Amino acid sequence: MADEIADISNTVGDNTVTEFATYEEYLDSQITPLDLYYLEDKELARQLVELGYRGSGEPLKREEFESRKKAAENFRLSKRLATNVLASHGKDFAKSPFLQALAEREEANRSGKLTSIIFIRTKNSKAQEISGYIDYAHRLKTENFEPYFTRSKPFHPRPSDMSFYNWETQTCTSNATPNFQVIADNENGLLFKNKRDRKIINVDPRESRPGDNTSRTQIATPEHIQVVIYDHLTRRKT
């Protein structure tokens, strides 16, 4: 994988593919006025360059030129999209360890490398204590996170999340998501089953390990009473 990334990076930095819009322009750059004077035919001159009889160095074949150009364009596009897609890009989270933690996990959750479950205990706008478990990757795909990262909107659990509880009204809900199945009737307490690798995430704080390929991180932050993030790394089958 590292070699593939290096090859792409080298391609992007290769002026051979970035300087010329077409393969014909690339061939023309190898033709001198003297070549045209003697050959009197640009197409013939291009053919001689392609065959290696004119120009400097080993010329690129058309297929190789097109392949490199496409790879360079895709690489630039992916970098631009990555910058645009990340709602946390360019934001300052110095005063919010919680938003900083979300920002650090945004790209991995968007790309599917990671599926994070966020437990939040906080107070809503009515000063009622609420808590819930949130499928971060699912929320990223279904709503705009710009207001959260700019602090114009608080990031709270809600009844549509995987698990929600209002301690004052005793409203309790649970919902499966595209990433997790909720197992609420287990004797060991609330469990979540990853739909991709079928691994169980145990969110009981008394458990020393939350599950295979899963880590638990407690975040002390001024916005909420309690925040715990469970990061589940999904291993692809090879």
Side-chain angles (χ1 to χ4, degrees), residues 1-91 93 102-116 135-146 148-150 177-179 194-199 213 231-238:
M1 178 60 71
D3 291 340
E4 292 175 2
I5 294 173
D7 289 342
I8 292 173
S9 298
N10 290 336
T11 297
V12 173
D14 186 356
N15 288 335
T16 301
V17 296
T18 58
E19 184 178 352
F20 306 109
T22 65
Y23 184 62
E24 284 70 26
E25 287 186 13
Y26 161 67
L27 294 177
D28 290 346
S29 71
Q30 306 284 320
I31 301 171
T32 67
L34 191 60
D35 292 332
L36 289 176
Y37 175 78
Y38 285 110
L39 295 171
E40 299 181 346
D41 188 331
K42 179 176 280 191
E43 285 302 319
L44 176 59
R46 286 174 176 171
Q47 292 175 23
L48 291 175
V49 171
E50 191 169 1
L51 292 171
Y53 295 114
R54 287 290 186 275
S56 58
E58 186 70 20
L60 294 175
K61 298 299 182 184
R62 181 181 295 274
E63 295 78 11
E64 186 179 1
F65 177 88
E66 298 293 346
S67 177
R68 288 193 184 188
K69 192 165 188 65
K70 184 176 181 180
E73 291 171 353
N74 288 341
F75 184 74
R76 287 195 299 271
L77 179 61
S78 66
K79 288 184 67 176
R80 185 163 61 249
L81 287 176
T83 299
N84 291 337
V85 165
L86 294 182
S88 60
H89 180 73
K91 309 294 192 304
F93 306 116
L102 293 190
E104 290 170 357
R105 292 162 171 81
E106 183 184 4
E107 190 277 331
N109 273 270
R110 285 190 185 276
S111 65
K113 301 172 187 174
L114 197 70
T115 46
S116 299
D135 180 346
Y136 183 35
H138 181 54
R139 288 275 290 261
L140 281 169
K141 288 183 178 180
T142 56
E143 62 181 299
N144 178 19
F145 262 67
E146 192 77 19
Y148 298 131
F149 285 123
T150 57
T177 70
N179 300 311
N194 186 279
K195 291 183 176 180
R196 187 173 183 183
D197 62 9
R198 306 181 68 82
K199 299 290 186 180
N213 309 326
D231 293 315
H232 182 70
L233 181 64
T234 303
R235 293 185 176 178
R236 295 177 181 269
K237 292 182 180 180
T238 56

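Values below: every heavy atom of this structure, side chains too, minus hydrogens, waters and symmetry copies. The shown structure was predicted, so the numbers you read here are calculated from the model rather than taken from an experiment.
Under the 4.0 Å criterion applied to side-chain N and carboxylate O atoms, Glu106 and Arg110 are assigned as salt-bridge partners. Ion pairing between Glu24 and Lys42 fails under the 4.0 Å rule for side-chain N and carboxylate O.
His232 and Asn179 share no side-chain donor-acceptor pair at under 3.5 Å.
A distance-only check finds no donor-acceptor pair linking the side chain of Tyr148 to the backbone of Ser88 [under 3.5 Å]. Not a single donor-acceptor pair under 3.5 Å links the side chain of Lys70 to the backbone N or O of Phe65. A distance-only check finds no donor-acceptor pair linking the side chain of Tyr136 to the backbone of Asn109 [under 3.5 Å]. Not one N or O on the side chain of Glu107 forms a donor-acceptor pair closer than 3.5 Å with the backbone of Leu86.
Qualifying side-chain contact (heavy atoms from CB on, under 4.5 Å) partners for Glu63, counting only residues two or more places apart in sequence or in other chains: Lys61. With sequence neighbours excluded, no residue satisfies salt bridge (charged side-chain N to carboxylate O under 4.0 Å, His left out) with Glu104. Under the salt bridge (charged side-chain N to carboxylate O under 4.0 Å, His left out) criterion, Arg139 pairs with Glu143, Asp161, sequence neighbours left out.
For Arg196 against Gly112, the heavy-atom pair with the smallest separation is NH1-O, 3.4 Å. Across every non-hydrogen atom of Ala87 and Lys91, the tightest pair is O-NZ, 2.7 Å. Across Arg105 and Ser116, no two heavy atoms sit closer than the pair CD-OG, 3.9 Å.
Here Thr150 contributes atom OG1 and Phe145 contributes atom CZ; the two are 12.0 Å apart, rounded to the nearest 0.5 Å. If you take OG1 on Thr115 and CG on Asp197, they are separated by 7.5 Å, rounding to the nearest 0.5 Å.
Side-chain rings of Phe149 and Phe93 approach one another, their centers coming within less than 6.0 Å.
For the pair Leu114 and Thr234, the minimum side-chain heavy-atom distance is 4.5 Å or more.
Of the candidates Arg62, Lys69, Glu64, Arg62 is the only one forming a side chain to side chain contact (heavy atoms under 4.5 Å, CB included) with Tyr23.
In the displayed structure, Lys199 atom NZ is contacted under 6.0 Å by at most 12 heavy atoms of other residues, nucleotides or ligands.
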